[in-house]
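Below is one structure, written out as structure tokens; the observations come after it.
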Amino acid sequence: GIQVEQSPPDLILQEGANSTLRCNFSDSVNNLQWFHQNPWGQLINLFYIPSGTKQNGRLSATTVATERYSLLYISSSQTTDSGVYFCAGANPMDSSYKLIFGSGTRLLVRP
Amino acid sequence: EPEVTQTPSHQVTQMGQEVILRCVPISNHLYFYWYRQILGQKVEFLVSFYNNEISEKSEIFDDQFSVERPDGSNFTLKIRSTKLEDSAMYFCASSPRGQGTYEQYFGPGTRLTVT
């Protein structure tokens, strides 16, 4: 099955700093999504981005499907950005389109 | 904006007891999923459901698990005889699929604690 690798596994930032999180896939995926897991454990959907670039406030994401990776950019980080960021993708040959998740990037933003 | 809801938010049960986790998917969605996340680990696929039947299940989804869409709105996950290792966060998701997007919309999760 598809392997999803996220880097870095852990990241500590000072408030106001920018960061880039990366997600690599071992094979072609569609249905690529980025999530933020908050301290209560909820998965907050950030982006559905099978290809191209999207922006939402201080966050943006880019997926290069032909090279099997996606990037999540966080600009001017705030303490509320802390948490775990997951990417997930689905194998287009998989009729169920189940999402395969990476292991996450744990982000801590210090005031 | 429509959203997926799940109840209860937290359930504590004793080993060997049956639990039913409930989900209300977004109303015009056709594909439904359950995922789970053991504390500190990544989110894992359990089962997908379409047209009133299971379309795929993972190795985790053994005979102790079952899913049902009893009334056209609710989507439930039943664990017949819970084990300590079933303690996890369980997420329900739904997707419109084929309506221009394959995005999955996740509920807030049910935290299951088996003692």
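Each chain gets a letter, A, B and so on, in the order its sequence line appears, and its residues count up from 1.
- Proximity to chain B is absent for every atom of Asn38(A), based on heavy atoms less than 4.5 angstrom apart.
- More than 12 heavy atoms of other residues, nucleotides or ligands shown are found within 6.0 angstrom of CZ on Arg58(A).
- Contact check for Glu103(B) versus Asn45(A): side-chain heavy atoms found under the 4.5 Å cut-off.
- Looking at Phe86(A) and Gln37(B), their side chains come closer than 4.5 Å, going by heavy atoms from C-beta outward.
- Neither the backbone nor the side chain of Tyr31(B) comes within less than 4.5 Å of any heavy atom of chain A.
- The aromatic rings of Tyr102(B) and Tyr97(A) sit parallel to each other, their planes meeting at less than 30°, with 60° as the upper class boundary.
- Counting heavy atoms of neighbouring residues, nucleotides and ligands inside a 6.0 Å radius, atom CD of Glu85(B) exceeds 12 of them.
- Chosen from Ala93(B), Pro108(B), Gly109(B), the residue pairing most often with chain A at heavy-atom distances under 4.5 Å is Pro108(B).
- In the displayed structure, Glu59(B) atom CD is contacted under 6.0 Å by at most 12 heavy atoms of other residues, nucleotides or ligands.
- Considering only heavy-atom pairs separated by less than 4.5 Å from chain B, the leading option among Leu32(A), Asp94(A), Ile100(A), Val4(A) is Asp94(A).
- For Arg22(A), the CZ atom counts as densely surrounded, since its 6.0 Å shell holds more than 12 non-hydrogen atoms of other residues, nucleotides or ligands.
- Residue-environment remark: CG (Leu84(B)) exceeds the threshold of 12 foreign heavy atoms within 6.0 Å.
- Closest of all the heavy-atom pairs between Leu43(A) and Phe106(B) is CD1-CD2, 3.8 Å.
- With a 6.0 Å radius and a threshold of 12 heavy atoms from other residues, nucleotides or ligands, Arg22(B) has its CZ atom at or below the threshold.
- With a 6.0 Å radius and a threshold of 12 heavy atoms from other residues, nucleotides or ligands, Asp63(B) has its CG atom at or below the threshold.
- Within 6.0 Å of CD on Gln55(A) lie more than 12 heavy atoms contributed by other residues, nucleotides or ligands.
- Contact of the Gln104(B) side chain with the Lys98(A) side chain is not registered, since no non-hydrogen atoms from C-beta on lie closer than 4.5 Å.
- When side chains are defined from C-beta on, Leu99(A) does not count as touching Phe45(B), because their heavy atoms never get closer than 4.5 Å.
- If you measure heavy-atom distances from Tyr50(B) to chain A, you find no contacts under 4.5 Å at all.
- Taken from CE in Met89(B) to CD in Gln42(A), the straight-line distance is 6.5 Å, to the nearest 0.5 Å.
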